[in-house]
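Structure first, commentary second.
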Amino acid sequence: MSRDEDFLGDRPRGASGDGAWSGQDRSAMMMRYDNEKKSLLIAYLLWFFLGVFGVHRMYLGAWVSGLLMLALNGVSTLLAVVFIGYIGFILLFLWLLLDLFLIPVIVRRRNEELIRRLTT
């Protein structure tokens, strides 16, 4: 059994004694988990191709920071005419570089939150 499949355990949390997950409940939860889990590969592809727009962060559920990245990109583009915008581009590049290392942590945290939500 993979690490993703063993999150359901033998019985529901808080269940007493003989209460066990039925096969149908377990299958339904596994299908829901598979549908809603975040993919590391997709997150990195979005980071690589659309990272300057914050799309990878929006995909991972961090809408506020994704919209901030989008706004920083827009403002920097507008201000690049007067050369002040390049400061914003430098900040955006540093943010993207940091996200290169943070994406696995964010994906794991989101998937663990999904597991907690499904099993409670």
Side-chain angles (χ1 to χ4, degrees):
M1 215 184 293
S2 74
R3 189 171 80 87
D4 288 342
E5 291 175 349
D6 63 6
F7 73 88
L8 292 175
D10 292 330
R11 64 178 179 245
R13 290 184 187 183
S16 59
D18 59 352
W21 291 111
S22 72
Q24 191 174 21
D25 290 341
R26 183 179 176 88
S27 295
M29 280 191 243
M30 284 303 301
M31 285 191 303
R32 187 162 177 205
Y33 174 75
D34 286 338
N35 286 335
E36 294 181 27
K37 72 179 179 179
K38 300 301 179 187
S39 166
L40 187 64
L41 176 64
I42 291 174
Y44 271 121
L45 287 173
L46 289 171
W47 172 85
F48 185 78
F49 291 108
L50 299 170
V52 293
F53 303 111
V55 176
H56 63 289
R57 284 193 163 261
M58 293 179 210
Y59 167 73
L60 294 172
W63 283 91
V64 173
S65 61
L67 291 173
L68 282 173
M69 288 182 87
L70 181 62
L72 181 61
N73 185 11
V75 169
S76 298
T77 301
L78 291 174
L79 292 177
V81 176
V82 291
F83 300 108
I84 298 172
Y86 293 110
I87 296 170
F89 285 132
I90 291 169
L91 291 174
L92 190 60
F93 173 75
L94 292 174
W95 196 348
L96 285 170
L97 190 62
L98 181 65
D99 275 353
L100 176 66
F101 301 103
L102 287 179
I103 286 175
V105 175
I106 297 170
V107 169
R108 184 174 49 247
R109 187 180 66 215
R110 291 309 239 191
N111 288 338
E112 287 172 355
E113 287 173 8
L114 175 61
I115 289 169
R116 275 193 297 279
R117 195 175 75 229
L118 289 175
T119 57
T120 55

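Everything numeric in this text was worked out from a predicted model, so none of it was measured.
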*Following the transitive rule for hydrophobic clusters with a side-chain heavy-atom cut-off under 4.5 Å over Ile, Leu, Val, Met, Phe, Trp and Tyr, establish whether Val82 and Leu72 coincide in one cluster.*
no

*Hey, could you give me the CZ/CG distance between Phe53 and Asn73, rounded to the nearest 0.5 Å?*
5.5 Å

*Kindly compute the distance separating CG (Asn111) from NZ (Lys38), expressed to the nearest 0.5 Å.*
8.5 Å

_Quick check for you: to the nearest 0.5 Å, what is the distance between Asp99 atom CG and Trp47 atom CH2?_
8.5 Å

*asked:* Salt bridge check, Glu113 against Arg110: does any charged N sit closer than 4.0 Å to a carboxylate O?
replied: yes

_So, taking the atom named CG in Leu98 and the one named CD1 in Ile103, what distance separates them when rounded to the nearest 0.5 Å?_
10.0 Å

*Do Val52 and Ile106 share a hydrophobic cluster, counting only Ile, Leu, Val, Met, Phe, Trp and Tyr and linking them when any side-chain heavy atoms are less than 4.5 Å apart?*
yes

*4.5 Å side-chain heavy-atom contact, Leu102 and Arg57*: yes

*Hey, quick one: are Leu100 and Tyr59 part of the same hydrophobic cluster, counting side-chain heavy atoms closer than 4.5 Å, chains of contacts allowed?*
yes

_Atom of Ala43, atom of Val107 and distance for their closest heavy-atom approach_ = CB-CG2, 4.2 Å

*Shortest non-hydrogen contact between Gly88 and Ser76, atoms and distance*: CA-OG, 3.1 Å

*Specify whether Tyr86 and Phe89 have parallel, tilted or perpendicular ring planes, treating 30° as the upper limit for parallel and 60° as the lower limit for perpendicular.*
tilted

*asked:* Do Met69 and His56 have side chains that approach each other closer than 4.5 Å (heavy atoms only, starting at C-beta)?
replied: yes

*Drop me the distance from Gln24's CD to Met29's CE, to the nearest 0.5 angstrom.*
11.0 Å

_To the nearest 0.5 Å, what is the distance between OG on Ser39 and CG on Leu60?_
9.5 Å

*asked:* I'd like to know if Leu114 and Ile42 are part of one continuous hydrophobic network [Ile/Leu/Val/Met/Phe/Trp/Tyr, side-chain heavy atoms within less than 4.5 Å].
replied: no

*When clusters are formed by joining ILVMFWY residues with side-chain heavy atoms under 4.5 Å apart, either directly or through shared neighbours, do Val75 and Leu96 land in the same one?*
no

*Please name the pair of heavy atoms, one in Leu40 and one in Pro104, separated by the smallest distance, quoted to 0.1 Å.*
CD1-CA, 3.7 Å

